[in-house]
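Since the structure is predicted, the reported quantities are computational estimates derived from the model, not experimental observations. Chain identifiers are assigned alphabetically (A, B, ...) following the order of the sequence lines, protein sequences preceding nucleic acid strands; residue numbering begins at 1 within each chain.
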Amino acid sequence: MYEFKKIEEKWQKYWEDNQTFKVSNDTDKKPYYILVEFPYPSGSGLHVGHVRSYTAQDALARLKRMQGYNVLYPMGWDAFGAPAEQYAIKNHIHPKDAVQKNIKTFKKQMQRLGFSFDWSREFSTTDPNYYKWTQWQFLQFYKHNMAYKATIPVNWCPNCKTVLSNEDAAGGVCERCGGYVVQKEKSQWMLKMSKYAEDLLEGLKDTNFHEKVKLGQINWIGKSTGAEVEFKIDGTNKTFKVFTTRCDTLFGATYCVLSPEHKYIDEITTEEHKKEVNLYKEECSKKSELERTELNKNKTGVFTGAYAINPVNNKKIPIWISDYVLATYGTGAIMAVPAHDTRDYEFAKKFNLEIIPVLEGGNIEKEAYTEDGLHINSDFINGLNKTDAINKMLSWLEEHKCGKKQVNYKMRDWIFSRQRFWGEPIPMIYCDECGWQPVDEADLPLLLPDVAEYEPTDTGESPLAKITDWVNTTCPKCGKKAKRETDTMPNWAGSSWYFLRFMDPHNDKEFASMDAMKYWNRVDWYNGGMEHTARHLLYARFWVQMLYNMNLVPKKEMIWTRVSHGMVLGANNEKMSKSKGNVINPDDIVDEYGADTLRLYEMFMGDYEQDVPWSTDSLKGCKRFIDKIIRLKEKVVNENNYSKDLEIIINKTIKKVEHDILNMSYNTAVSSLMILANNYDDKDKITKKDYEVLLTLLNPIAPHITEQLNEELGNKPIVNSTWPTYDEDKTIDEYIEIGIQVNGKLRGTIIVNKDEEKEVLQQKALENDNVKKHLLDKEIVKIITIPNRIVNIVIK
RNA sequence: GCCUAAGUGGCGGAAUAGGUAGACGCACAGGACUUAAAAUCCUGCGAGAUUCAACCCUCGUGUCGGUUCAAGUCCGACCUUAGGCACCA
């Protein structure tokens, strides 16, 4: 009788007692670093979605180990952040304690699933020994001029009482609570991410990310090449710049628009327009980003009374203000070409502004309009195509010193301050005399105070501001009284470099030694959710590139392959959630069916990269398969060679399982093992070696039961053995069934020797009774014969 | 609107390089074993026409075209769904 509970516990204990998965940095073995995104240890425990990706990478890790690699497969906790803080506030406990409890649950759940993590390297981002180095790295960024404080309008969530990054407030909605975000002026720590835009783009060449992942990064960076054009303001000696990707349409620019926040507005607005302009500016400042974008079909704006001079034809064109021009992109000002830009067109129509087409085919209104016509109404670029016109215009602008080629990026600097308690304190001190001063590195970690009060304030200050004992300190430079920065770092900080720490997690001299990082080289295989492939990956790459430029890491790109998994949905095909009542708890499944069954099912359930609904029926099918594996043991006879008639299928299966696990086709790896087991089942007896190879191939996915059965054969543990090899010549059947088509339609099949001569194939095809029927009274035009594949007879 | 991914039986999904569509599993139906149940084993299982039955035949991978001896796979146009971005000049 096989009691999976006892068996699974036994082997989990064996791995723990023997420290089977503990890896050393000090070995000649080739390194292989497999990383899964470390989870946020929420109160609801491990999700079956976690089980899917952890099992997949576990299978890869176990396979690679058997192939002789020194495999680093670590696990840790990304435990700072709002949910833990809010949970703690609600339940009147310290977030530290809540986190500790959740980590314990998560870890236990993971261990029950038999993941081969090296637990000796475990850490949490909330450990002072870890965040000491997050703070230390921030100080390096500060010292290298990559961190600065700026007063900027920020996204403020009145509900969560915190600043949100542009990313966290996408669409004007708070990512955490879903409420509307408003704009608020605040002094914030920033990281100069925009400076790295080009490097982050370039660096993608040194990665093996999936194309779609690279695209996500490229879109986020948002590079666009165009020109900066300088416009004189009529009657003054002032100028302002606009950014455009279509400087070739300059002859069609009939007005300019400044964003409501543009610094020149007050100076250029004429007396009679002042009132109107000020009113409009005020209106805009009250609008949240959401309102501004929501109303994007209905353009608003006011005239300043001022005029700009179009440099190419010296025409006076009016300067307007409108919030459809964003202050944060380009120069915060545009030239408007209403004939060829939808937004400018809408605006011009509404306010009766001039529209001059400068491209053949009329203006944007016309149905057959294309934006790539030849130039008209454009003096020296008439008749040119887009590319030529842009180039000619660029040299004209440079010659006349009123413009130049310019590259712009959507990506902005990273707002690095959060007004929360539960994050890494930013290690900076403000002194009235010396300004901002970094905390002495020797004083790190700068610990979070152990207090009971950490609720957010209404003023927008961090809860830390209320803890005067902590805030009041002395200036590291002059020694006078000073105050600590009370903002903390965003959740993204700790996860931007955790993969480096896993390479050398107990180092108390450095965040990780150069030797350790050189040995492991990089993350070979990084698995995570699609939702993190844009931002987290970008932040992590930025962080690493900054460290690289300070000679603190050996490579500019420390992550090689990035893959992502699909979600496990509820049985009703919807996202699992408590409110929908479709949540599956992995613990319940492990209790009832065992960890091996759950692991096997999650690998078999579907395409790894696609979302898949949960099905308890299918899970039961996987249990049956494991029972079949156990039953097969009764057929084993003590022989140390493959059964002659199983040799081909065994070689085939070794090849396929290996290939599939290395290529994320876990579902077909499982199905090929099922086919092998069915082949065994058809026989009265199988050899010990037949059985061993099946157990070994299944071991990465179902490690407990396979170890148990293998032990009962009297063998040493699979985990210490080597991955079976296959003989390529023996992966092809001796006899092959091939199809015979007549005019592309299947009319029969024949069984032939592998690599049979074309002539023989044709002859046999023509002898087939059903084929003959179709050939009756017909003329054969030609016969296409592809050995080992198909014969197609073309008739008239 | 833009970008990305995906549309194949009742369901999850297979199908190197264009070469027998539906592997493997689930569900379902019939049967064997059993006093019975569970477990297990055997058979069938895309749709349709025809037949005592089988073979055979027709249609079939979101839609419409195209390329090819041959298309789930390649090309063109479109439709639907999911996810992401969105006044980015």
Side-chain angles (χ1 to χ4, degrees), chain A residues 170-171 210-213 215-216 218-220 222-224 226-227 242-247 249 257 259 292-297 299 322-326 328-337 340-344 346-347 408-412 530-531 533-534 566-567 569 571 573 600-601 604-607 609-622 624-625 627-628 631 656 659 665 667-675 677-678 681 737-750 769-770 773-774 781-786 788-795:
Chain A
H210 270 197
E211 241 8 81
K212 62 178 175 183
V213 174
L215 255 157
I218 290 167
N219 290 340
W220 205 273
K223 179 179 183 171
S224 72
V242 305
F243 174 73
T244 175
T245 53
R246 293 300 300 268
C247 64
T249 62
V257 189
S259 68
R292 277 172 77 154
T293 50
E294 239 182 10
L295 301 168
N296 70 38
K297 266 159 212 125
K299 297 276 180 292
S322 173
D323 64 359
Y324 85 90
V325 174
L326 306 176
T328 46
Y329 183 76
T331 60
I334 61 154
M335 64 177 213
V337 185
H340 305 291
D341 180 282
T342 5
R343 296 153 300 175
D344 297 346
E346 283 167 26
F347 193 81
N408 248 309
Y409 301 92
K410 273 194 242 181
M411 196 174 71
R412 303 174 210 167
M530 202 53 210
E531 71 277 15
T533 51
M567 271 188 294
L569 304 171
N573 233 316
L600 189 76
Y601 168 58
F604 185 59
M605 70 197 312
D607 182 344
E609 295 182 87
Q610 297 301 130
D611 294 352
V612 174
W614 178 268
S615 160
T616 302
D617 277 334
S618 279
L619 174 89
K620 286 179 192 161
C622 291
R624 261 177 248 165
F625 173 64
D627 291 342
K628 180 182 276 184
R631 254 183 283 119
K656 177 134 182 81
H659 172 271
S665 304
N667 55 340
T668 48
V670 174
S671 86
S672 67
L673 286 166
M674 287 174 169
I675 293 169
N678 289 345
D681 204 26
E737 191 190 36
I738 68 167
I740 312 297
Q741 299 180 329
V742 177
N743 279 356
K745 286 198 165 128
L746 186 74
R747 299 300 179 194
T749 57
I750 51 173
D769 283 343
N770 194 42
K773 244 176 17 195
H774 286 271
V781 181
K782 61 175 165 178
I783 304 177
I784 288 137
T785 310
I786 313 290
N788 296 338
R789 295 256 151 148
I790 206 147
V791 177
N792 188 9
I793 303 162
V794 186
I795 57 169

Response to the item:
When rounded to whole Å, the CG to P distance for the pair A:Asn408 and B:A89 reads 8 Å
Discussion item. Contact between A:Gln610 and A:Met567 at the side-chain level, heavy atoms closer than 4.5 Å - yes or no?
Written reply: no
Discussion item. Could you report the tightest heavy-atom contact between A:His774 and A:Ile795, atom names first, then the distance?
Written reply: O-CD1, 3.6 Å
Fill in: Distance, rounded to the nearest Å, where A:Gln741 contributes CD and B:A71 contributes C1'
11 Å
Worksheet item: Which part of the nucleic acid, if any, lies within contact of A:Thr749, taking any heavy atom under 4.0 Å across all strands shown: a base, the sugar-phosphate backbone alone, or nothing?
Response: base
Worksheet item: Are the aromatic rings of A:Trp220 and A:Tyr409 close, with centres under 6.0 Å apart?
Response: no
Discussion item. In this structure, how many angstroms lie between the P atom of B:U20 and the CD1 atom of A:Ile790, rounded?
Written reply: 5 Å
Worksheet item: Which part of the nucleic acid does A:Ile675 contact within heavy-atom distance under 4.0 Å: base, sugar-phosphate only, or nothing?
Response: sugar-phosphate
Worksheet item: When you check every protein heavy atom under 4.0 Å of nucleotides 56-62 of chain B, what one-letter string (B, S, -) results, 5' to 3'?
Response: SSSS---
Item to complete: Write down the distance separating the P atoms in B:G9 and B:G13, rounded off to the nearest Å.
Response: 12 Å
Response to the item:
Against the side chain of A:Arg631, the closest entry in B:G19, B:A89, B:U40 is B:U40
Discussion item. When you measure only distances, ignoring hydrogens and angles, does the side chain of A:Asn792 come within 3.5 Å of the base of B:C69 through a donor and an acceptor?
Written reply: yes
Worksheet item: According to the interplanar angle, ranging from 0 to 90°, do the rings of A:Trp614 and A:Tyr601 count as parallel (below 30°), tilted (30 to 60°) or perpendicular (above 60°)?
Response: perpendicular
Practice prompt. Assign A:Leu673 to base, sugar-phosphate, or nothing according to its heavy-atom contacts below 4.0 angstrom with the strands shown.
Written response: nothing
Discussion item. In whole Å, I'd like the distance from the NZ atom of A:Lys628 to the C1' atom of B:G25.
Written reply: 10 Å
Worksheet, complete the sentence: From CG of A:Leu569 across to P of B:G12 the rounded distance in Å is 11 Å
Worksheet item: Would one find a side-chain N or O of A:Tyr329 under 4.0 angstrom from OP1 or OP2 of B:A89?
Response: yes
Item to complete: Indicate whether OP1 or OP2 belonging to B:A14 is found under 4.0 Å from a side-chain N or O atom of A:Asn667.
Response: yes
Worksheet item: So what does A:Gly330 touch, heavy atoms closer than 4.0 Å: a base, only the sugar-phosphate, or nothing?
Response: nothing
Practice prompt. Write down the distance between NZ (A:Lys410) and P (B:G84), rounded to a whole number of angstrom.
Written response: 16 Å
Practice prompt. Please report, rounded to the nearest Å, how far the P atom of B:A6 is from the CG atom of A:Asp607.
Written response: 9 Å
Worksheet item: Are the side chain of A:Ser665 and the backbone of A:Thr668 linked by a donor-acceptor contact shorter than 3.5 Å?
Response: no
Discussion item. So, OP1 or OP2 of B:A70: does either fall under 4.0 Å of a side-chain N or O from A:Arg789?
Written reply: no
Item to complete: Flag the pair A:Ile784 / A:Val794 as yes when at least one side-chain heavy-atom distance between them is below 4.5 Å, and no otherwise.
Response: yes
Worksheet, complete the sentence: All heavy atoms of A:Ile738 vs all of A:Val791, minimum pair found to be CD1-CG2, 4.0 Å
Worksheet item: NA contact type, A:Leu215, heavy-atom cut-off 4.0 Å: base, sugar-phosphate, or nothing?
Response: sugar-phosphate
Worksheet item: Quick one: does A:Phe604's side chain get under 4.5 Å of A:Phe625's, heavy atoms only?
Response: no
Discussion item. Regarding A:Thr328, tell me which of base, sugar-phosphate or nothing describes its non-hydrogen contacts under 4.0 Å with the strands shown.
Written reply: nothing
Worksheet, complete the sentence: Taking for A:Met674 and for A:Met605 the nucleotide of RNA chain B with the nearest heavy atom, the one nearer the 5' end belongs to A:Met605
Worksheet item: Can A:Lys299 be said to sit on top of A:Tyr324's aromatic six-ring, NZ or CZ under 6.0 Å from centre and within 45° of the ring axis?
Response: yes
Worksheet entry | Nearest-nucleotide 5' precedence on RNA chain B, A:Ile786 against A:Ser618 | A:Ile786
Worksheet item: Does a distance-only test, which skips hydrogens and angles, find a donor-acceptor pair under 3.5 Å between the side chain of A:Lys299 and the base of B:C87?
Response: yes
Worksheet item: Syn versus anti for B:G9, judged by chi lying within 90° of 0?
Response: syn
Worksheet item: Can you tell which of B:A6, B:U20, B:C85 lies closest to the side chain of A:Gln610?
Response: B:A6
Item to complete: For B:A71 and B:A21, measure between their P atoms and round to the nearest Å.
Response: 10 Å
Worksheet entry | Residue-phosphate contact under 4.0 Å: A:Asn573 side-chain N/O, B:U81 OP1/OP2 | no
Fill in: B:C24 phosphate, OP1 or OP2, under 4.0 Å from A:Thr668 side-chain N/O
no
Discussion item. Does either side chain, that of A:Lys628 or that of A:Asn678, offer a donor lying less than 3.5 Å from an acceptor on the other one?
Written reply: yes
Practice prompt. Would you name the heavy atoms of A:Asp607 and A:Val612 that are closest together and state the gap between them?
Written response: O-CG2, 4.3 Å
Response to the item:
In RNA chain B, consecutive runs of at least three Watson-Crick or G-U pairs below 3.5 Å, as range with range, amount to B:1-7 with B:79-85, B:10-12 with B:24-26, B:28-32 with B:40-44, B:46-48 with B:57-59, B:62-66 with B:74-78
Response to the item:
A:Lys656 NZ to B:C24 C1', in whole Å, measures 10 Å
